[in-house]
There are 2 protein chains.
Amino acid sequence: MRKPTIKDVAILANVSTATVSRVVNRQGGIKSKTEERVQKAIEQLSYIPNALARSMVRKQTNTIGVIIPDINNPFFPLLVSGIEQQARKKGYFTILCNSNESPEIESELIQVLLERSVDGLIITTADEGGYQLQPVIERMIPVVAVDRQIKNFEVDTVLVGNVDGAYQATRHLILQGHTKIAIIRGPQKTTPGYERFVGFQRALAEYNLELDERYVMEGDFREQSGYECTKKLFKLNEPPTAIFTSNNLMTLGCLKALTEIGWILGEQVGLIGFDDLDFAEFVNPPLTVVSRPMRQLGEAAFDLLYAQMTSQEDRPKRHYVLSPEIKIRQSCSLKSPKQ
Amino acid sequence: MRKPTIKDVAILANVSTATVSRVVNRQGGIKSKTEERVQKAIEQLSYIPNALARSMVRKQTNTIGVIIPDINNPFFPLLVSGIEQQARKKGYFTILCNSNESPEIESELIQVLLERSVDGLIITTADEGGYQLQPVIERMIPVVAVDRQIKNFEVDTVLVGNVDGAYQATRHLILQGHTKIAIIRGPQKTTPGYERFVGFQRALAEYNLELDERYVMEGDFREQSGYECTKKLFKLNEPPTAIFTSNNLMTLGCLKALTEIGWILGEQVGLIGFDDLDFAEFVNPPLTVVSRPMRQLGEAAFDLLYAQMTSQEDRPKRHYVLSPEIKIRQSCSLKSPKQ
DNA sequence: GTGAAAGCGCTAACAT
DNA sequence: ATGTTAGCGCTTTCAC
């Protein structure tokens with residue numbers, strides 16, 4: 001019960017293996033009578049070509065590797081869908097790997113993908129330093145960094161504007177009449193944490209609002225920290241009338257805190273979050289958020305990768321920055337706003 | 001700038017390729033002096049073994065394929081994490097594929113995975129008939145079906161008890177004092193839709209409650225249907241005091257409807273949903289749900305697969321059914337329940 | 001302990 | 001239009 005090989009097909013169809021190969025790969029130049037015979041043999045044996053063998057001689061696998069840091073964060077699946085769909089169109093197969101935010105696992109995965117000879121790699125790294133990409137770069141395997149930058153190598157990159165998004169969010173709050181605006185920012189040593197804070201400050205500056213230190217809270221991008229920062233904000237003598245949370249988990253934590261302490265969303269306090277939440281519409285009142293086009297991010301990433309994989313010369317590296325979009329729902333304007 | 005091969009290493013270390021192979025594969029029986037030389041050559045060239053070539057000879061890839069129907073449904077990533085983690089422990093690499101609930105894509109994916117010679121397949125199928133698995137079965141590639149059964153072939157299967165979960169949910173409602181209990185069930189021709197209804201009926205019967213036809217609504221597992229069914233329930237002359245929704249999306253729809261029509265959760269109506277929601281705790285009052293241990297499901301699936309992959313004989317096929325767990329929060333007891 | 005060589009299944013010259 | 005064959009990079013007997 002050995003798997004049938006091209007040879008078995010050849011013998012059954014009474015042709016050479018080369019002919020079978022030509023039929024399988026639709027290269028044409030085969031008498032239709034012969035082709036028919038071959039096709040029949042293929043069916044009869046339920047022959048499935050061995051991609052490993054093919055890849056060995058062709059020196060390409062038509063496979064790309066995708067490494068994401070957290071498959072349980074709802075953004076990444078969206079990103080992956082975008083990549084996969086685009087890849088499928090061009091006949092590429094996607095191997096998805098999850099590093100779990102662990103640089104060690106990420107390095108291993110890179111090794112394994114390299115061993116498996118992927119034609120290209122799309123990565124949202126767990127370690128922006130990027131030295132783990134050394135072997136990839138060395139072998140001149142096309143890479144594109146998505147959503148997070150690689151610092152020490154020059155690679156194609158596609159990001160969503162953090163500064164821009166935070167700026168828009170904050171401006172929206174300002175335009176709704178808020179002046180006492182708080183931010184729950186992320187760790188300032190991370191790029192997104194830092195950049196989103198920059199956008200926040202920029203908007204305030206532009207509208208001549210002063211940055212009130214009391215209104216600047218720093219979380220760690222996790223739910224619990226959003227929860228705690230919100231409570232602290234509430235305890236202030238003069239609490240803010242609006243909060244900008246720097247990521248989805250902290251928004252969630254903030255929401256929990258609001259509910260718990262009875263700080264009424266949309267009446268006593270406005271809220272805008274960075275990154276959408278699947279239940280944002282369901283919150284009462286529906287939550288306004290900065291939404292990142294993850295799917296398009298994925299599409300763009302693959303397109304970039306594809307360009308690299310198919311061009312011979314060394315293309316100059318590109319950096320794309322997509323614009324986030326603000327989804328205005330109802331959590332920012334207060335029913336009875338303090339002016 | 002060709003990729004270095006085992007031959008390059010052999011030449012540089014002044015040994016045969018066989019020796020290099022032995023070193024790479026840690027087979028021992030090499031003089032440590034020699035081994036050192038080889039290791040140095042490997043580093044110097046940054047040699048990475050070619051898994052394709054190895055797999056060709058060994059006739060195994062140490063790779064398993066995983067096909068899930070919807071990467072954007074939060075359950076599946078959890079399932080995948082379970083599989084991956086377990087696989088990693090045993091030295092297997094996971095290729096994750098997303099069929100998008102399309103039987104056609106699923107068939108293609110199976111073909112592609114077969115071409116790539118995966119050692120085993122774990123699948124949550126988009127087509128319970130299962131004929132698409134024919135080629136897999138034929139080649140005696142180990143398969144395990146997870147979360148959804150395969151009808152026309154006998155394969156290892158691991159599921160979560162639908163009847164059991166629905167039964168527990170309903171019983172919980174009954175024990176909270178509810179007698180007028182509605183169900184928003186799924187399509188009765190789908191296994192989960194049907195089984196969850198069975199569990200519902202069983203609980204009623206056991207507590208001598210009659211099934212009131214007016215309280216049986218049928219949705220299609222999508223949000224909108226949960227929304228609509230809830231509204232219908234509300235319009236009844238004698239609305240139920242509790243609702244059991246048969247899946248997460250319909251729970252979400254139900255929740256939206258409740259909010260919209262002002263049917264107050266936890267006061268006027270109790271709710272228990274099948275499947276957890278990431279924001280269930282955040283709902284006011286927090287939502288009680290039937291939760292499926294997706295992660296364990298994944299672990300069990302891989303264990304089963306592993307057993308098949310490593311045993312020589314044809315093992316009898318197994319069916320595991322894991323128990324769901326009911327996460328009691330606060331949406332089922334009414335503050336002022338009508339008795 | 002180490003090497004020589006066959007061969008995994010396929011493709012792509014090169015022949016015919 | 002089709003066949004012959006070298007060789008992709010590796011592992012694994014079988015020798016020595």
Side-chain angles (χ1 to χ4, degrees), chain A residues 1-39 41-42 45-63 111-119 139, chain B residues 1-39 41-42 45-63 91 111-112 114-119 139:
Chain A
M1 265 297 294
R2 226 179 65 275
K3 283 199 254 180
T5 72
I6 199 170
K7 218 168 162 181
D8 301 316
V9 178
I11 292 171
L12 183 58
N14 198 23
V15 295
S16 73
T17 61
T19 300
V20 177
S21 175
R22 287 181 187 113
V23 171
V24 168
N25 295 290
R26 299 189 176 65
Q27 279 162 309
I30 302 284
K31 228 190 334 186
S32 65
K33 206 75 189 156
T34 316
E35 172 152 2
E36 234 167 67
R37 261 200 345 272
V38 174
Q39 287 293 12
I42 290 178
L45 299 172
S46 16
Y47 165 71
I48 294 187
N50 182 328
L52 302 180
R54 170 185 293 155
S55 294
M56 277 203 61
V57 2
R58 290 226 185 121
K59 295 187 167 321
Q60 82 169 51
T61 53
N62 266 276
T63 301
Q111 166 90 16
V112 173
L113 290 174
L114 248 26
E115 287 180 357
R116 287 184 171 50
S117 307
V118 292
D119 294 340
R139 293 163 166 251
Chain B
M1 266 295 293
R2 226 177 66 272
K3 283 199 253 179
T5 72
I6 199 171
K7 217 169 163 182
D8 300 317
V9 177
I11 293 172
L12 183 57
N14 200 23
V15 294
S16 73
T17 59
T19 301
V20 178
S21 174
R22 287 179 187 116
V23 171
V24 169
N25 296 291
R26 297 186 176 66
Q27 280 163 302
I30 301 285
K31 227 188 337 183
S32 66
K33 206 74 189 157
T34 316
E35 171 151 2
E36 235 168 67
R37 262 199 349 270
V38 173
Q39 287 293 11
I42 289 177
L45 298 172
S46 20
Y47 166 70
I48 295 185
N50 182 328
L52 302 181
R54 169 183 297 156
S55 296
M56 277 203 62
V57 178
R58 292 224 184 125
K59 295 189 167 319
Q60 84 170 54
T61 52
N62 266 274
T63 301
Q111 165 90 14
V112 173
L114 250 25
E115 288 180 357
R116 285 182 172 52
S117 307
V118 291
D119 294 340
R139 294 165 162 249

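We name chains A, B, ... by the order of the sequence lines, and we start the count at 1 in each one.
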About how many Å separate CD1 of A/Ile11 and CG of A/Asp8, when rounded to the nearest 0.5 Å? 6.0 Å
Which atom pair, heavy atoms only, marks the closest approach of B/Thr5 to B/Tyr47? C-CE1, 3.5 Å
Distance, nearest 0.5 Å, that separates CZ of B/Arg116 from OG1 of B/Thr63: 11.0 Å
Can you pull the contact range of chain A along DNA chain D, 5' to 3', using atoms under 4.0 angstrom from its heavy atoms? D/dA1 to D/dG9
Strictly under 3.5 Å: I want the nitrogen or oxygen pairs between protein and nucleotides 9-13 of chain C, one per line.
residue	atom	partner	partner atom	Å
C/dG9	OP1	B/Lys59	NZ	3.1
C/dG9	N2	A/Ala53	O	3.4
C/dC10	OP1	A/Tyr47	OH	2.5
C/dC10	OP1	A/Asn50	N	3.1
C/dC10	OP2	A/Ile6	N	2.2
C/dT11	OP1	A/Asn25	ND2	3.1
C/dT11	OP1	A/Arg54	NE	2.8
C/dT11	OP1	A/Arg54	NH2	3.4
C/dT11	OP2	A/Ser21	OG	2.7

Give a yes or no on whether the backbone of A/Ser117 and the side-chain of A/Thr61 come within a donor-acceptor separation of less than 3.5 Å. yes
Got a second to check how far A/Leu52's CG is from B/Asn50's CG, nearest 0.5 Å? 9.5 Å
At what distance, to the nearest 0.5 angstrom, does CD of A/Glu115 lie from CD1 of B/Ile48? 7.0 Å
Gap separating the NZ atom of B/Lys3 from the CG atom of A/Leu114, nearest 0.5 angstrom: 7.0 Å
When we call it a touch if two heavy atoms are under 4.0 Å apart, what does B/Ser55 touch: a base, just sugar-phosphate, or nothing? nothing
Side-chain donor-acceptor distances from residues 18-26 of chain A under 3.5 Å, at least two apart:
residue	atom	partner	partner atom	Å
A/Thr19	OG1	A/Ser16	OG	3.3
A/Ser21	OG	A/Asn25	ND2	3.4
A/Asn25	OD1	A/Arg54	NH2	3.3
A/Asn25	OD1	A/Arg58	NH2	3.0
A/Asn25	ND2	A/Ser21	O	2.8

